[in-house]
Amino acid sequence: MTSAKPLLEIKNLKMHFPIKRGFMGRTVGHVKAVDDVSLTIGEGEVVGLVGESGCGKSTVSRCIVRAYKPTAGQILLYDAEGKSVDLAAMPEADLLPYRRDIQMIFQDPFSSLNPRMTLRQIVGEPMRNYRICRGKELDDRVAYLLESVGLRPEHMSRYPHAFSGGQRQRIGIARALALNPRLIICDEPVSALDVSVQAQILNLLRDLQAEFGYSYLFIAHDLSVVDYMCERVAVMYVGKIVETAATETLFSQPQHPYTAALRSAIPVLNPRLRQLPVPLEGDVADPANTPAGCVFHPRCQFAQDRCRQEPPQLNETASEHEARCHYAGELDFSRLVEPASIN
Amino acid sequence: MAPLLKVQNLKVHFHTDEGVVEALRDVSFEVERGETVAIVGESGCGKSVMARAILRIVPSPGRIVEGQVTYARDDEAIDLTALDAKGAAIRDIRGADIAMIFQEPMATFSPVHTIGNQINEAIMLHQGIDQTRATAQTLDILDRVGMPRPPRIIHRYPHQLSGGMLQRAMIAMALSCRPQLLIADEPTTALDVTTQAQILRLLYDLQGEFNMAILFITHDLSVVSQFADRVVVMYLGEVVESADVITLFEEPKHPYTKALLDSIPQTGAGRGQRLQSISGTIPNPLHRPRGCLFHPRCSSFRPGICDRVEPREIVLEADHRARCVLYDERYAEAIAPG
């Protein structure tokens with residue numbers, strides 16, 4: 001898929017949560033939060049994962065850090081020599097050495113920091129846990145990390161409440177960098193921030209990536225942010241990847257109707273170019289009770305009989321471009337928007 | 001004809017234990033009949049307090065200290081700030097003449113009454129008609145906002161509807177008495193992009209149908225560019241710039257507006273380029289900077305002026321105003337290069 005060496009390869013990942021009912025806790029069904037997701041992240045690559053709320057994008061990230069034990073599938077982490085280990089099936093106790101390679105940055109800068117710990121403790125804790133350094137050495141390393149995310153090392157003894165949302169997000173980033181990880185999962189890292197602060201954090205994430213060569217899995221619902229950050233994007237809908245492509249291709253020539261609808265729903269920042277998106281009808285399908293055939297067909301303008309019966313596969317439709325649609329490449333998406341006049 | 005709503009020198013202060021927070025200091029703007037005015041700003045700029053001040057529902061300990069809000073009802077001009085906040089006169093206007101929709105639809109509806117009963121109540125209260133006729137109107141308005149199967153929805157409780165459906169129900173309730181002005185406070189912020197598109201489309205279509213004015217409060221400039229006729233940009237309780245939408249996006253004058261526009265990532269445009277970020281963070285409202293409120297973050301900061309002088313609002317063109325000393329003749333000499 002990419003020229004770079006793979007760092008993480010997700011193969012046919014499934015995460016089904018049982019629905020329990022009654023006194024005996026009988027399982028009456030499954031919520032298929034993640035259903036057969038395959039995704040590769042190359043060394044030093046920034047991959048975006050987009051979709052609406054409830055599409056399973058955060059569940060994927062939680063499976064990667066093994067906060068959940070996936071129902072099926074493989075999560076292969078490659079080392080520098082190209083040898084891989086499967087994190088999906090590994091017993092909890094054996095995960096420790098691999099956990100430091102994958103770190104996470106969270107959406108909410110308020111609930112993701114312990115209010116009773118100082119910055120020194122928050123940022124230093126991962127290094128203490130792995131017995132990397134202590135004492136003066138630890139302080140120096142924390143100071144260096146704080147400086148590299150644009151915070152003042154003098155503030156090391158302060159508590160999170162003394163900082164604004166953007167600054168707290170920087171603290172969370174410093175903590176994620178502490179163990180020098182190879183992959184950083186950014187789960188909606190800027191959606192809780194003010195517009196003027198968002199740009200600072202996005203720039204910081206890009207600078208760090210350019211300097212240290214981290215790989216990012218960048219999860220967001222804001223497509224403009226994903227467009228700015230990522231080289232390659234995967235679009236998820238109800239637990240399945242419906243399209244993956246290089247960012248530019250995905251936005252200029254989407255092949256799945258869902259991607260096209262998402263694309264047309266983003267307002268353009270230009271008052272002379274007014275468009276009314278033709279909105280998607282209805283709501284996102286229930287992952288506990290998915291429709292037959294293509295999961296998107298009840299909302300799809302282009303749905304045919306075949307879409308109602310036969311579930312489409314994720315097929316390579318062009319070079320490095322995959323879409324899960326029977327009619328990929330044949331559809332004309334121009335009718336998803338209509339021009340509007342300024343009233 | 002007088003504008004539908006005229007806000008003049010509005011000041012709202014919150015008296016807290018730590019001191020007085022000036023949530024709004026001297027805000028003025030107008031809304032004409034049938035037009036969409038967007039109030040844009042980041043958190044703490046006072047945009048939501050402003051919306052609540054118009055309807056006289058500023059939460060305690062906030063108080064309107066000064067200023068007028070003049071609403072033109074037919075030919076009569078009513079100063080809303082002079083009314084008793086709990087009196088019959090303002091309650092007659094709220095919901096009937098001026099309606100509001102909120103960011104959190106869950107907080108708008110009572111969880112213990114059905115959707116139908118709550119919309120009925122608003123109609124019966126303002127139009128003085130009986131339950132049967134009110135229900136007929138409720139069904140009609142729910143159908144207009146694109147709610148699937150209204151006869152079933154009216155028996156549902158709020159928690160049984162999805163976010164987008166609840167947003168539609170809230171819009172239906174707000175429009176049930178055909179208001180002249182709809183105040184929409186971040187109506188799409190909590191929604192996914194596809195649901196946001198549905199709701200914006202709905203508001204656009206309904207505005208044409210009902211010929212109402214919309215005061216659209218948001219932090220999202222892309223939505224503003226697609227939706228508004230005129231834009232008012234606020235920062236820390238002050239209007240820093242106002243103009244028609246084309247002028248504001250093509251010839252922004254205030255450094256804050258310019259910086260905001262530059263800091264937004266856009267799809268397709270300028271990939272690989274760095275975003276221009278605004279340095280620093282929004283100051284604590286208890287410790288406002290002296291002089292221009294934006295000067296600590298401003299790229300055009302002029303020492304000796306911006307940190308001393310409180311800038312006046314300068315009229316640049318008929319409808320374009322900016323609060324910045326760069327455009328003030330009195331400082332032209334001091335600011336000129338060299």
Side-chain angles (χ1 to χ4, degrees), chain A residues 50-55 163-167 190 193-204 206-207 221-230 247-248 251-252 258 261-284 299 337 340 342-343, chain B residues 34-36 42-44 146 148 162-165 192-202 204-205 207-208 219-229 244-246 248-250 256 259-271 273-282 284 297:
Chain A
V50 299
E52 295 177 272
S53 42
C55 75
F163 297 90
S164 69
Q167 289 170 320
V190 296
L193 304 177
D194 271 309
V195 192
S196 71
V197 182
Q198 267 190 16
Q200 293 174 8
I201 299 296
L202 291 176
N203 281 338
L204 171 66
R206 267 174 77 141
D207 292 346
H221 69 279
D222 185 337
L223 296 185
S224 346
V225 169
V226 170
D227 189 17
Y228 178 68
M229 288 295 297
C230 303
T247 312
E248 216 163 323
F251 285 110
S252 57
Y258 179 64
L262 272 186
R263 173 80 183 81
S264 71
I266 324 171
V268 194
L269 189 73
N270 182 353
R272 285 198 196 271
L273 207 117
R274 290 205 171 178
Q275 293 173 330
L276 289 176
V278 175
L280 280 178
E281 292 303 323
D283 290 321
V284 179
R299 305 178 78 190
V337 286
I342 297 184
N343 41 342
Chain B
E35 78 169 345
T36 304
E42 298 178 276
S43 54
S162 70
M165 294 233 283
D192 280 314
V193 272
T194 56
T195 321
Q196 165 173 297
Q198 286 176 2
I199 298 297
L200 290 178
R201 178 71 199 252
L202 177 68
Y204 179 89
D205 291 342
Q207 181 177 27
H219 68 275
D220 188 336
L221 281 164
S222 349
V223 171
V224 169
S225 80
Q226 290 290 305
F227 205 67
D229 301 313
D244 68 275
V245 67
I246 304 264
L248 192 100
F249 280 84
E250 292 184 352
Y256 177 62
L260 261 191
L261 285 169
D262 286 340
S263 67
I264 303 170
Q266 287 176 65
T267 45
R271 187 177 299 123
Q273 274 178 353
R274 271 180 83 76
L275 288 172
Q276 298 293 318
S277 61
I278 307 179
S279 63
T281 52
I282 298 165
N284 182 331
R297 306 176 72 190

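Numbered from 1 within each chain, the chains take letters A, B, ... in sequence-line order.
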Enquirer: Who passes side chain to side chain donor-acceptor pair (under 3.5 Å) against B:Thr195, sequence neighbours left out?
Expert: none
Enquirer: Taking side-chain contact (heavy atoms from CB on, under 4.5 Å) as the test, write out the residues that go with A:Ser264, two or more places apart.
Expert: A:Pro277, A:Leu336, A:Val337
Enquirer: Heavy-atom distances under 4.5 Å only: say whether B:Ile199 touches chain A with side chain, backbone, both or neither.
Expert: neither
Enquirer: Determine the option with the most heavy-atom pairs under 4.5 angstrom with chain A, choosing from B:Ala197, B:Ser263, B:Ser222.
Expert: B:Ser222
Enquirer: Which one of A:Leu193, A:Asp194, A:Val197 satisfies the side chain to side chain contact (heavy atoms under 4.5 Å, CB included) criterion with B:Ser43?
Expert: A:Asp194
Enquirer: Among side-chain atoms of A:Ser196 and B:Glu42, is any donor-acceptor pair under 3.5 angstrom?
Expert: yes
Enquirer: Please check: side-chain N/O of A:Gln200 versus main-chain N/O of B:Ile278, any donor-acceptor pairing under 3.5 Å?
Expert: yes
Enquirer: Determine, step by step, whether A:Val195 and B:Leu221 satisfy the side chain to side chain contact (heavy atoms under 4.5 Å, CB included) criterion, reporting the C-alpha distance in whole Å, the side-chain angles of both residues, the deciding distance to 0.1 Å, and the verdict.
Expert: CA-CA 9 Å; A:Val195 192; B:Leu221 281 164; 5.8 Å; no
Enquirer: Where does A:Leu202 contact chain B at under 4.5 Å (heavy atoms): side chain, backbone, both or neither?
Expert: side chain
Enquirer: Say you draw a straight line from OG1 of B:Thr194 to CD of A:Glu52; how long is it, rounded to the nearest 0.5 Å?
Expert: 3.0 Å
Enquirer: For B:Ser162, which atoms come within 4.5 Å of any heavy atom of chain A: side chain, backbone, both, or neither?
Expert: side chain
Enquirer: Kindly give the heavy-atom pair with the smallest separation between B:Ile246 and A:Pro271, and that separation in Å.
Expert: CA-CG, 4.1 Å
Enquirer: What part of B:Gln226 is in contact with chain A, defined as an atom under 4.5 angstrom from a non-hydrogen atom: side chain, backbone, both or neither?
Expert: both
Enquirer: Looking at every non-hydrogen atom in both residues, tell me the closest pair between B:Arg274 and A:Tyr228 and how far apart they are.
Expert: CA-OH, 3.5 Å
Enquirer: Taking all atoms of both residues into account, what is the closest heavy-atom pair of B:Val193 and A:Ala265, and its distance?
Expert: O-CB, 3.7 Å
Enquirer: Quick check on the interface: out of B:Ser225, B:Ser277, B:Gly146, who has the most heavy-atom pairs with chain A under 4.5 Å?
Expert: B:Ser225
Enquirer: Relative to chain A, which segment of B:Glu250 carries a heavy atom at a distance below 4.5 Å: side chain, backbone, both, or neither?
Expert: side chain
Enquirer: Does the side chain to side chain contact (heavy atoms under 4.5 Å, CB included) test come out yes or no for B:Phe249 and A:Leu269, once each step is laid out?
Expert: CA-CA 8 Å; B:Phe249 280 84; A:Leu269 189 73; 3.6 Å; yes
Enquirer: Less than 4.5 Å apart, side chain to side chain, heavy atoms only: is that true for A:Pro267 and B:Gln196?
Expert: yes
Enquirer: Donor-acceptor check, side chain of A:Gln198 to backbone of B:Ile264, threshold 3.5 angstrom: yes or no?
Expert: no
Enquirer: For A:Ile201, is it the side chain, the backbone, both or neither that has a heavy atom under 4.5 Å from a heavy atom of chain B?
Expert: neither
Enquirer: Measure distances from A:Asp222 to the heavy atoms of chain B and classify the residue's part below 4.5 Å as side chain, backbone, both or neither.
Expert: neither
